[in-house]
Every structure is written in structure tokens, then in C-alpha cells.
Amino acid sequence: MRKSSGLLALALLSLAGCHKNGDAGSAKLATSGVTDAMLTNASDNEWLSYGRDSNEQRFSPLTAINDQNVGQLGLEWSADLDTARGQEATPLMHDGMLYVTTAWSKVNAYDAKTGQLKWSYDPKVPREVLVHVCCDAVNRGAALYGDKLYFGSLDGRLIALDAKTGKEVFAKKVVPNDSDYAITGAPRIAKGRVLIGAAGGEYKARGYLAAYDAETGAEVWKFYTVPGDPSKPFEDKAQEAAAKTWSGEWWKYGGGGTVWDSIVYDPKTNLVYFGTGNAEPWNPGPVGRKGDSLYTSSIVAVNADTGAYAWHFQETPQDRWDFDSDAPITVADLKIGGQDKHVVMHAPKNGHVYLIDAKSGQFLSAKAFTTVNWATSIDPKTGAPTFNPDAMYEKTGKPWISLPGALGAHSWQPQSFSPKTGLLYIPANDLAYPYLGAKDWKATDIGFQTGLDAGSVAMPADPKARAGAAAATTGKLIAWDPVTQTARWTVKYEGPWNGGVLSTAGNLVFQGTAGGTFAAFSADKGSKLWSFGTQSGVIAAPMTYAIDGQQYVAIMVGWGGVYDLSAGTLANKSGAVRNISRLMVFKLGAKGVLPAIKPLAQLVLDPPAFKGTAEQAAHGAAVFGRYCAVCHGDAAVAGGLVPDLRHSGAINSPDAIRSVVIDGALQHNGMVSFKTALKPEDVEDVRQYVIKRANEDKKLGMK
Ligand code: CA
């Protein structure tokens with residue numbers, strides 16, 4: 001027995017590609033369950049890792065469901081979830097088990113064929129952490145390795161469970177502190193290590209990617225994306241080089257560059273590619289930030305064994321627009337100009353598709369995939385943008401409405417690449433964002449630290465302005481040819497913030513929408529071939545697997561995330577917003593129906609009369625914009641997930657709102673006290689502002 005398992009291990013090693021490495025020590029090979037070789041050469045029938053294969057193409061070779069028969073696709077089973085927040089996860093399937101992470105970082109395991117719940121795990125994340133989480137209580141997925149399942153919790157733990165039983169193996173706090181960091185992204189596996197970073201670029205986080213031993217959770221290496229305090233020794237040469245691109249006392253604000261989503265381990269190059277977030281604070285003015293601010297808004301590549309810097313490409317130098325480069329990275333082999341190239345493809349928030357040589361980091365090409373007004377051109381040799389001077393709002397002192405905006409032309413919603421069609425399928429947004437530098441801005445210890453005056457540029461109570469903004473706010477699915485850098489076909493949607501994408505060898509592309517449908521299109525032409533009403537908006541990406549020759553398609557349904565929370569009057573652009581959180585699994589010939597739902601209750605605005613002063617309302621707007629709008633919505637109009645303060649009883653009395661905002665009466669629901677930043681007078685001004693806003697909207701006949 002001993003001998004044969006040794007031989008097996010040897011065989012697996014050679015399959016995985018045995019990389020000799022020096023001082024970092026060799027990682028242990030998985031002895032059972034999911035191996036490196038299985039992750040590298042993904043089985044057609046399973047979905048073992050976040051992006052399915054080591055190129056993260058989210059392309060399935062399965063063809064049982066195809067463009068000829070997809071019309072017969074029906075609901076085989078569904079499972080209601082107990083967390084009514086945005087569901088962003090991609091399920092994993094291994095050995096007949098379907099694993100999902102849900103909002104609030106819970107994990108469920110189901111029989112992938114029948115839907116029977118096998119186990120569930122709740123890390124019991126304290127709801128109070130939400131105050132330093134920008135974008136809802138979401139989680140995007142797990143990783144499988146050996147006999148374990150790994151995921152990160154919103155409160156910053158890396159948790160390993162026994163994949164068969166759901167029993168906790170370890171749960172280790174990996175974030176540097178409890179006030180600036182959160183984990184929402186899915187971990188990845190590289191040769192016995194678990195790779196994960198953290199979110200927090202709107203707070204005081206210093207971005208990093210770290211590798212942890214899969215058996216023990218011990219940290220093996222860590223790469224910082226922003227240099228630390230220069231009065232202390234730099235961790236490595238890459239930090240020293242990066243420090244030259246910063247000015248002011250950046251380290252006091254963290255610097256940003258957080259690695260909150262995309263991480264790809266490429267066995268072909270033995271590199272790990274990852275995306276980094278915005279520079280922090282967004283507004284460079286108040287902190288004297290000048291220069292490129294490396295390695296923010298970039299793709300960085302490091303050695304998988306040691307974490308040593310290999311290359312970087314900065315997509316948005318001097319970022320001042322929250323242009324995170326965290327969107328999913330897809331690797332592919334393409335023929336470009338007659339040459340075979342192993343490339344990294346990226347379509348980040350800033351609105352361009354970038355092609356970069358995966359091994360060397362050499363820039364190959366970039367092209368806008370949506371309307372872009374912040375840059376006037378991209379240098380075809382270097383990929384560097386030329387800024388529109390009007391977009392540098394900290395210099396002009398004027399408001400700037402940017403396309404794309406802070407929510408991105410494309411954010412975390414997974415894209416897919418089909419080697420069969422050669423097309424990259426991008427879930428894209430046309431979604432502007434207003435920027436105005438705050439006057440006399442100072443950092444505080446709670447809430448967003450962006451340096452913006454969001455109150456002054458909030459949506460006005462002007463029907464024309466609102467209609468114009470709504471008309472310009474749309475979404476689309478773009479089938480993009482990365483070789484010619486042009487769109488092959490486009491499906492237009494009513495609103496933005498639609499789901500991630502799956503493509504298959506059955507000439508199909510699947511995507512869910514904010515408007516509550518799950519649809520299939522032909523991969524080559526974009527013809528709509530099938531759709532299913534999901535009752536709730538979809539933001540997650542679908543996946544597919546096969547058991548006993550039967551192909552299934554699974555998707556997490558549940559509207560939410562940063563767009564619902566912050567977009568104000570635009571939050572329901574695709575239709576009435578509601579969250580019904582569910583896992584849905586489809587197969588050919590199935591006839592399942594969802595339980596009927598009641599129509600949404602129609603609230604009527606009934607605010608007290610506005611008796612405050614104009615000064616109070618203006619100050620209240622500024623405070624609301626800085627501290628409240630990120631969850632309760634632009635201009636005090638909430639999406640579907642959190643209370644709309646215009647309808648709240650708390651605005652009827654100064655004491656009621658003070659007990660919540662200052663005394664923390666609802667902290668266990670996630671609404672913590674803001675007393676470290678706000679005085680009772682500030683809270684009263686917010687109340688007056690919300691009353692004024694409610695009366696304005698009532699007059700317009702709004703709800
Ligand atoms: Ca960000």
C-alpha cells in the first residue's frame with residue numbers, strides 16, 4: 001500500500017509539473033481528495049475551483065446541453081438560503097457534492113444530483129463588521145484541496161472544513177486588524193498553499209496577497225501591494241521601488257491596492273497573477289498623493305513558491321476614481337500577429353480590455369469596451385492612459401461625472417472565455433459616477449475614507465436629471481474578440497449589475513440578470529435560446545457539471561451587492577428590487593416551478609414636515625454622503641436590502657435617530673454607533689436632510 005501510494009504521488013507530481021524551489025521549502029502534496037493535477041487538468045464533469053480550470057476561463061467542455069436542445073432546460077431542484085443579502089458565489093462540484101458559500105460567509109454542501117443538504121457551516125460573523133465592508137455581506141466562493149474546503153469569512157478568518165462532513169479543521173484570523181479589512185473573495189490553491197488577500201480599499205487597508213499552508217494555515221509568504229512606512233525597512237525590493245511612486249504620508253491611510261477578488265495560479269509559468277484595488281483615499285488632493293501609487297489598480301505577478309515580485313502592469317496610474325483592477329483575470333493561448341502567445345486578459349473597472357504576456361508582463365494591447373471619458377487615449381506601445389484634464393477633479397475643484405465610474409464598466413462579476421469561439425464574454429455596465437473633492441477633508445476612524453464630497457453631487461430631486469441619469473444607466477453582455485480587440489456581438493439590458501458568465505462547448509453562454517432572469521445565448525452569435533424567471537436579481541456566475549452522463553447547470557440567485565446598496569434612485573433600474581436567495585439547479589427535461597411570490601408591499605412616503613434650516617440640510621447632506629450613502633443609498637433613496645431612511649420611523653424624533661447613530665441601539669443588526677466621528681448635532685442635521693429629501697420625493701410622487 002505504502003509503495004503504491006508513493007508511486008501515485010510521484011505520478012501526480014509529474015502531472016502537476018515538478019518545480020524545484022529553493023528556500024521556501026516544498027509544499028505538501030494532497031494525499032487524498034483534490035490534487036494539484038486535478039486542479040491543473042480539470043475534469044470535464046466537475047467544477048473544482050472558482051474559475052473551473054487553471055486558466056480561469058469558466059468554459060465547460062460539456063456538450064449534453066447545447067444550442068439545439070437548451071430550450072428543454074428546466075428547474076431540477078432548488079434550495080432556499082437563510083441569508084437575504086447579495087449572493088455572489090460560484091458553486092463548486094466534486095464527487096457528487098455541490099458546495100456553495102452564501103452571504104454572511106456561510107457554507108452549504110448538497111447532493112449535487114438530488115439537492116439533499118449534506119451539511120452546513122456558519123462561522124457566526126458578527127454583524128457589526130459591516131461598517132468596514134464596502135459592498136454588502138457577500139462571499140464569492142470556496143477552494144477545494146485534499147480532503148478540505150477553504151474559504152474566507154467577512155471578519156477576516158481563513159477557514160478550513162472537512163469537505164465530507166463540514167467539520168471545522170482550522171479557523172485562523174488572517175487580516176491585520178478588525179477595523180479596515182474583510183474577506184469576500186474566493187481563495188485559490190497553488191501547490192499546497194491557499195492564496196487569499198482582503199478587501200478594505202475604502203478604509204485604511206494596506207493591500208496584500210498571502211499564501212498559507214493548506215494543512216496548518218501557517219503563513220508561507222506575503223506580498224504587499226503598497227509600500228509601508230519608509231522610516232522602517234522595506235519588506236522587499238519591490239516595496240522600495242514602489243515607495244518612489246508615492247508622496248505624502250500614504251502609509252497612515254493604508255494606501256489601498258487591496259486584493260479582494262482575482263487571483264490566478266498559472267502552472268505554465270509558475271506565477272500567481274492578481275488584481276489590485278484603488279489607491280486610498282480616492283481623492284489624492286487632501287493627502288498630497290502624487291505619482292503612480294504602485295502597485296494599486298494593477299495586475300501583479302509573483303513567484304508561486306516564494307511570493308517574489310515577477311512583473312506588474314498598472315492599468316490606472318494615480319488612481320483617483322476607485323478604478324480597482326480586481327476584476328477576474330482570464331488566461332488563454334492566443335495567436336496574435338501570427339505568433340502563439342500565452343496571455344492574461346483583463347477587463348477592469350476602467351473600461352478597457354488589456355492583453356498582457358503572461359510570462360514577461362509585456363503589454364500587448366488595450367481597447368475600450370465601453371464609453372470612456374476619463375482617458376483620451378491609451379499609448380499603443382506602453383498601455384499608459386492620457387488623462388482627460390477635467391477628470392482630475394482634485395485639481396479642477398469641480399464635479400466630474402466619469403464614465404465608467406466607481407462601480408466599474410466591469411467589476412467582480414466573472415467573465416468567461418471560450419477557446420471554441422475565441423471570444424471573451426464580459427458582463428459590462430454603463431454606469432457613471434460623480435466625483436467632487438471634499439473641502440477640508442480629514443480622515444476619521446469609521447466609515448468610507450475616500451476624500452469625496454458625495455453629498456453635493458447626490459442625485460437632485462429633479463425629474464429631468466433623474467430621467468437622464470436613468471436612461472444612461474444600462475448593462476450589456478459583450479462577446480469580445482481579444483485578438484482583434486473588437487466586439488463580435490452585444491446583448492443589451494435595461495440596467496447594469498447583471499450576473500457573471502459561463503460558456504460551454506455546447507455553443508452556449510449563460511448569464512443571469514439584475515431583472516430576474518437566467519438566460520442562455522448561442523456563443524457564436526448571441527441569439528437568445530432560453531430563459532427562466534428567477535424571481536430575484538442575479539449577480540453571481542453560473543457553473544455546470546455532469547453526473548452519470550447527465551449535465552446540470554447551477555446558479556446562485558439573490559440580488560444585492562454595492563450597486564443595490566449605493567445607487568439610490570438607479571438601484572432598481574432593471575425592475576423592482578427584492579432579494580430571494582436561492583441555489584437553483586437545472587437539467588434537460590426538468591419541470592420544476594418556484595413557489596409563487598407575493599407582490600412587493602407598496603410603501604407610501606409619509607414624512608414629517610421639514611422644519612430645519614437650509615444650513616442644517618446642507619451639512620446633513622455632507623454627513624449622509626460621507627457616512628450613510630454607501631448602505632442607505634445615494635440621496636437617501638435605498639435599494640432593497642437595507643432600510644430606506646425616508647420611510648423610517650427614526651426620522652420622526654431626534655432621540656430615536658440619536659439612539660441608533662450615537663448610542664448604537666441597532667449594532668447587532670450591523671448598524672453600529674458612529675459616535676467616534678459624529679456629534680449629536682451632526683445626526684440631527686442628517687435627520688433634517690432625510691426629512692427634506694423625503695418631502696421632495698413625496699412631492700414628485702415617488703415611493
Ligand atoms: Ca475600491
Side-chain angles (χ1 to χ4, degrees), residues 42-53 58-66 70 72-81 83 86-103 106-118 120 139-144 149 151 163 186 413-414 416 499-506 508-513 516-520 530-558 580-592 594:
S43 147
D44 289 3
N45 294 333
E46 301 203 320
W47 192 288
L48 293 180
S49 62
Y50 186 68
R52 204 196 84 85
D53 65 302
R58 290 178 175 265
F59 169 80
S60 169
L62 295 175
T63 55
I65 301 170
N66 56 56
V70 69
Q72 296 154 37
L73 201 60
L75 184 67
E76 172 70 356
W77 60 267
S78 69
D80 287 4
L81 304 172
T83 51
Q87 305 296 344
E88 296 189 350
T90 304
L92 301 179
M93 201 292 277
H94 174 53
D95 252 354
M97 291 267 267
L98 194 64
Y99 300 95
V100 299
T101 62
T102 80
K106 296 183 183 185
V107 189
N108 292 341
Y110 302 89
D111 181 312
K113 204 169 162 177
T114 66
Q116 189 199 0
L117 182 69
K118 293 293 199 181
S120 57
N139 188 286
R140 285 185 290 281
L144 286 165
L149 177 132
F151 70 104
Q413 281 89 341
S416 174
V501 185
L502 160 73
S503 65
T504 77
L508 292 172
V509 171
F510 289 91
Q511 187 188 24
T513 70
T517 57
F518 181 37
W530 170 83
S531 75
F532 188 91
T534 52
Q535 299 183 340
S536 179
V538 181
I539 50 179
M543 50 77 80
T544 186
Y545 56 91
I547 298 173
D548 302 334
Q550 181 84 52
Q551 187 182 353
Y552 300 81
V553 179
I555 189 160
M556 297 282 277
V557 170
I580 300 170
S581 285
R582 250 186 212 128
L583 167 63
M584 295 189 191
V585 177
F586 298 84
K587 75 170 200 188
L588 290 176
K591 302 260 190 258
L594 294 171

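Index from 1, following the sequence.
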> Does Asp44 have any side chain to side chain contact (heavy atoms under 4.5 Å, CB included) partners at least two apart in sequence or in another chain, and if so, which?
Replying inline: Pro61, Leu62
> Has the side chain of Glu88 got a donor or acceptor atom that lies under 3.5 Å from a matching backbone atom of Ile539?
Replying inline: no
> Residues in side chain to side chain contact (heavy atoms under 4.5 Å, CB included) with Ala112, at least two apart?
Replying inline: Met93, Leu98, Tyr545, Ile547
>> Main chain of Gly589, side chain of Gln72: is a donor-acceptor contact present, judged purely on distance under 3.5 Å?
In response: no
> Out of curiosity, Asp111 CG to Lys118 NZ, how far, rounded to the nearest 0.5 Å?
Replying inline: 5.0 Å
>> Under the criterion side-chain contact (heavy atoms from CB on, under 4.5 Å), I'd like the reasoning laid out for Gln116 against Trp77: C-alpha separation, chi angles, the key distance, then a yes or no.
In response: CA-CA 9 Å; Gln116 189 199 0; Trp77 60 267; over 6 Å; no
> Any idea which heavy atoms bring Ala554 and Val585 closest together, and the distance?
Replying inline: CB-CG2, 3.9 Å
> With sequence neighbours excluded, what pairs up with Arg52 under the salt bridge (Lys or Arg N to Asp or Glu O under 4.0 Å) test?
Replying inline: none
> Do Met556 and Thr102 pass the side-chain contact (heavy atoms from CB on, under 4.5 Å) test, and can you show the C-alpha distance, the side-chain angles, and the key distance before you say yes or no?
Replying inline: CA-CA 9 Å; Met556 297 282 277; Thr102 80; 4.3 Å; yes
>> Can you tell me how far apart CG (Leu583) and OG (Ser78) are? Round to the nearest 0.5 Å.
In response: 8.0 Å
> How far apart are the closest heavy atoms of Ala505 and Phe59, and which atoms are they?
Replying inline: N-CE1, 3.5 Å
>> Using every non-hydrogen atom in the two residues, find where Phe510 and Thr504 come nearest and quote the distance to one decimal.
In response: CE1-CG2, 4.1 Å
> Hey, does the side chain of Gln87 reach the backbone of Ala103 with a donor-acceptor pair shorter than 3.5 angstrom?
Replying inline: yes
> What closest approach, in Å, do Met584 and Phe586 show between heavy atoms, and which atom pair accounts for it?
Replying inline: CB-CE1, 3.7 Å
> Minimum heavy-atom separation for Ala163 to Tyr99, with atom names?
Replying inline: O-OH, 3.0 Å
> For Ala142, what residues pass the side chain to side chain contact (heavy atoms under 4.5 Å, CB included) criterion, not counting sequence neighbours?
Replying inline: Leu92, Thr101, Leu149, Phe151
> Within the side chain of Ser416, is there an N or O that forms a donor-acceptor pair under 3.5 Å with the backbone of Arg58?
Replying inline: yes
> Just one of Leu75, Ile555, Thr517, Leu73 clears the side-chain contact (heavy atoms from CB on, under 4.5 Å) bar with Phe532, so which one?
Replying inline: Leu75
> With sequence neighbours left out, what residues match Glu76 under salt bridge (Lys or Arg N to Asp or Glu O under 4.0 Å)?
Replying inline: Lys587
> So, for Pro91 and Trp47, which heavy atoms are closest and what is the spacing to 0.1 Å?
Replying inline: O-CD1, 3.5 Å
> What's the verdict on side-chain hydrogen bond (donor to acceptor under 3.5 Å, both in side chains) for Thr544 and Ser60, showing C-alpha distance, side-chain angles and the deciding distance?
Replying inline: CA-CA 7 Å; Thr544 186; Ser60 169; 5.0 Å; no
> Hey, what do you get for CG (Leu594) to CD (Gln535), rounding to the nearest 0.5 Å?
Replying inline: 4.5 Å
>> Give me each pair satisfying salt bridge (charged side-chain N to carboxylate O under 4.0 Å, His left out) with a member in residues 536-546, each pair once, sequence neighbours excluded.
In response: none
> With distance as the sole test, does Thr534 use its side chain to make a donor-acceptor pair with the main-chain N or O of Phe518 at under 3.5 Å?
Replying inline: no
>> Using only atom types and a distance under 3.5 Å, with no angle test, would you say the side chain of Gln551 pairs donor to acceptor with the backbone of Ile65?
In response: yes
